[in-house]
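Structure first, then comments.
In listed order, ligands and their atoms are each counted from 1.
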Amino acid sequence: MRRSIFVGFHRAASKSLAHTTFTNTTRDKSFTENNAVFFSLCLRWFASSSSSSSSSSVTQREEGYNASSGIASKSSSSVVRCDLRRGGEKSASSSYSHSTETTPTSSGKIRSTKIVDDDMTEQQPKKKNNHVVFVLGGPGAGKGTQCANIVRDYNFTHLSAGDLLRAHMKSGTEDGNMVAQMIKDGKIVPSAVTVKLLLNAMADSKSNRFLIDGFPRNKENRDAWVSEAGYDCDFVLMYDCTEEVMLERLLGRNEGRTDDNVESIKKRFVTFRESSVPVVEFYETLGKVRKVDAIATPEEVYEKTKESFAQFE
Ligand SMILES: Nc1ncnc2c1ncn2[C@@H]1O[C@H](COP(=O)(O)OP(=O)(O)O)[C@@H](O)[C@H]1O
Ligand SMILES: O=c1ccn([C@@H]2O[C@H](COP(=O)(O)OP(=O)(O)O)[C@@H](O)[C@H]2O)c(=O)[nH]1
């Protein structure tokens with residue numbers, strides 16, 4: 001990691017020098033040359049300091065960089081894994097900060113992507129043969145209904161994050177009680193809990209095709225997933241529906257759920273708008289979203305859905 005920061009710094013410095021050299025007037029050339037000497041000394045100092053573990057100033061530089069870019073260091077990501085094994089009680093916001101796009105400067109972006117990639121390949125061997133489709137859409141959009149069709153026709157295993165959480169809340173543990181209250185309030189359960197449940201369910205399955213229904217519900221969920229699973233989804237299947245239609249469907253669902261009442265539904269809609277829509281938008285920037293109009297009949301919605309699964313026939 002230090003090496004990649006050094007390379008990034010070297011590139012940024014070289015770029016800055018090149019820019020200065022080609023744009024300044026002759027009068028400024030001596031200043032530019034002095035600058036070059038200064039930068040060169042800095043680089044030498046930086047390189048020698050990087051190789052010495054006792055240099056506090058370089059460590060501060062590195063920590064400061066990580067803090068501003070939101071990149072978890074190697075040591076912090078291993079702490080997260082320990083927490084997951086223990087039961088994931090740590091709050092999601094403090095556990096996960098892996099990200100590739102939060103770095104404030106453009107030169108930082110290049111460096112941060114490299115660091116994340118290094119961490120992934122070194123610590124998280126990718127399970128390249130797993131296919132994961134995230135199934136998203138507002139509450140009541142018809143995700144579960146369509147997942148049942150996909151499972152029947154394309155040999156996928158359906159993992160509903162909501163169902164896993166509802167089973168967990170019945171455990172009677174402190175964690176389970178917390179989940180029960182969060183579901184009633186339409187809040188998003190900490191990523192550590194949900195990711196652990198999902199990965200455990202996947203580990204128990206012989207399948208390598210998974211429909212993960214109702215997850216990730218926010219960007220933090222997604223980052224936690226990538227951090228722990230070591231890979232992202234193949235694509236996101238997004239069921240697009242109006243709140244009016246979803247409300248009607250939810251009130252007619254009759255599955256005895258604690259959150260299918262008007263008060264909870266309104267809260268779930270707010271959570272969906274504020275937290276889940278942004279994660280869909282994030283995946284849109286990656287070109288991974290396949291949107292399906294969910295207002296039509298279940299059969300019509302499935303006809304559209306099938307277009308995304310041709311590769312799995
Ligand atoms: N296209 C559709 N048209 C009408 N009702 C639907 C449609 N899709 C699902 N439903 C019904 O709406 C309710 C919510 O569907 P569900 O699949 O449970 O949604 P989600 O998993 O997105 O919360 C269920 O009662 C289901 O039978
Ligand atoms: O990844 C998830 C999935 C679900 N939930 C919680 O479980 C509830 C029900 O989710 P589910 O997907 O079962 O139902 P939907 O609201 O989509 O119909 C949500 O409102 C959240 O409180 C969560 O916190 N994280």
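Closest protein heavy atom to atom 19 (C) of ligand 2: Arg217 NH2, 3.7 Å. With respect to atom 22 (O) of ligand 2, the closest heavy atom belonging to the protein is Lys187 O, 2.6 Å. Nearest to atom 23 (C) of ligand 2 among the protein's heavy atoms is Leu165 CD1, 3.4 Å. Considering only non-hydrogen protein atoms, atom 13 (O) of ligand 2 sits nearest to Arg166 NH2, 2.8 Å. Of the protein's non-hydrogen atoms, the one nearest atom 7 (O) of ligand 2 is Ile183 CG1, 3.7 Å.
Atoms CG and CG, on Leu237 and Leu211 in that order, are 8.0 Å from each other to the nearest 0.5 Å.
Here's the thing with Phe215: none of its N/O atoms is less than 3.5 angstrom from an N/O atom of ligand 2. Of the polar atoms of Asp163, none of the N or O atoms is found under 3.5 Å from an N or O of ligand 2, judged by distance alone. The N/O atoms of Arg268, backbone and side chain alike, include one that comes under 3.5 Å of an N/O atom in ligand 2. Considering backbone and side-chain N/O atoms, Arg257 comes within less than 3.5 Å of an N/O atom of ligand 2. By the 3.5 Å distance cut-off applied to N or O atoms, Thr194 is not counted among the residues near ligand 2. Below 3.5 Å of separation, one finds no N or O of Asp213 facing any N or O of ligand 2.
Side-chain atoms of Thr305 come within 3.5 Å of backbone N or O of Val301 as a donor-acceptor pair. The closest donor-acceptor contact from the side chain of Thr258 to the backbone of Lys184 lies at 3.5 Å or more, if one exists at all.
Electrostatic pairing of Lys304 and Glu300 does not count as a salt bridge here, judged by no charged N lying under 4.0 Å from a carboxylate O.
Here atom 6 (C) of ligand 1 lies nearest to Arg249 when heavy atoms of Arg249, Arg253, Met246 are compared.
The ring of Tyr302 has its center no closer than 6.0 angstrom to the ring center of Phe309.
Short contacts between ligand 2 and Gly140, defined as distances under 4.0 Å to a heavy atom of the residue, involve ligand atoms 18 (O). Against a heavy-atom cut-off of under 4.0 Å, Ala161 is close to the following atoms of ligand 2: 1 (O), 2 (C), 3 (C).
Only the backbone of Thr297 comes within 4.0 Å of ligand 1, counting heavy atoms alone; no side-chain atom from C-beta on gets that close. Contacts between Ala296 and ligand 1 below 4.0 angstrom, taking non-hydrogen atoms only, involve the backbone exclusively.
Within the 4.5 Å cutoff, the side chain of Leu251 has heavy atoms near those of the Ile265 side chain.
Ligand 2 lies out of reach of Met169, whose nearest heavy atom is not under 4.0 Å from it.
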